[in-house]
Amino acid sequence: MYSMTNKKINKFNDIITELIKKSQLTQRQFEIILNERKKEKTRLPITSGAYYRQVKQIRIKLNRLQHTMLLLSCFEIIDEKTINIILKLAKQVSLIKYSNQIMDIDKIILVINQLIKQTKLL
């Protein structure tokens, strides 16, 4: 799905798909973000008008996310420890892409979910 082909990359894609399901982004919006980051022309079956409407919606969502993070941080609702946990999780998930080890994707997703639950905001 994300321009990767071998089995370990497909397992990585399974994790990414699960993260997308629980995010504020749709799969299509995430694919558009990847296209925009790489400055590629879209290969998605979508009209250019719909594509650029999605780009605008994505920019609004990302801008709101940044403002939300700032607001929650200012009032110490989300603390540095929580932000660091999220950053460490992101780094670990990205390392999976390059790992040669056989991994149980369900267990990885379970660990991610457990760590996120431990960082309760309310």
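- Here the rule is side-chain contact (heavy atoms from CB on, under 4.5 Å) with F75, and of L72, I78, I77 only I77 fits it.
- Note that CZ of R64 is 10.5 Å distant from CD of Q24, once rounded to the nearest 0.5 Å.
- With rounding to the nearest 0.5 angstrom, the CD atom of E18 is 10.5 Å from the OG atom of S23.
- Atom CD of residue Q92 and atom CD1 of residue I15 lie 11.0 Å apart, to the nearest 0.5 angstrom.
- Within the model, atoms CG of L115 and CD1 of I86 stand 10.5 Å from one another, a figure rounded to the nearest 0.5 Å.
- Note: the hydrophobic cluster containing I105 does not contain L110 (ILVMFWY, side chain heavy atoms under 4.5 Å, direct or indirect links).
- Using a 4.5 Å cut-off on side-chain heavy atoms (C-beta onward), K81 and I85 make contact.
- Atom OH in Y52 sits 6.0 Å away from atom CD in E36 (nearest 0.5 Å).
- Closest approach of I58 to Q29, counting heavy atoms only: CD1-O, 3.3 Å.
- Side chains of I16 and V93 form a contact here, defined as non-hydrogen atoms less than 4.5 Å apart.
- A single hydrophobic cluster is not seen to contain both L95 and L89; linkage of ILVMFWY side chains at heavy-atom distances under 4.5 Å, directly or through other members, places them apart.
- At a cut-off of 3.5 Å, with distance as the only test, a side-chain donor of T82 or D79 sits close to an acceptor on the other residue.
- In this structure, CZ on F30 lies 11.0 Å from CG on N35, to the nearest 0.5 angstrom.
- Partner K22 forms a side-chain contact (heavy atoms from CB on, under 4.5 Å) with one of I112, N113, I116 and no other, that one being N113.
- Here the closest non-hydrogen pair linking K61 and L25 is CD-CD2, 4.0 Å.
- Other residues, nucleotides and ligands place more than 12 heavy atoms under 6.0 Å from the CD atom of Q57.
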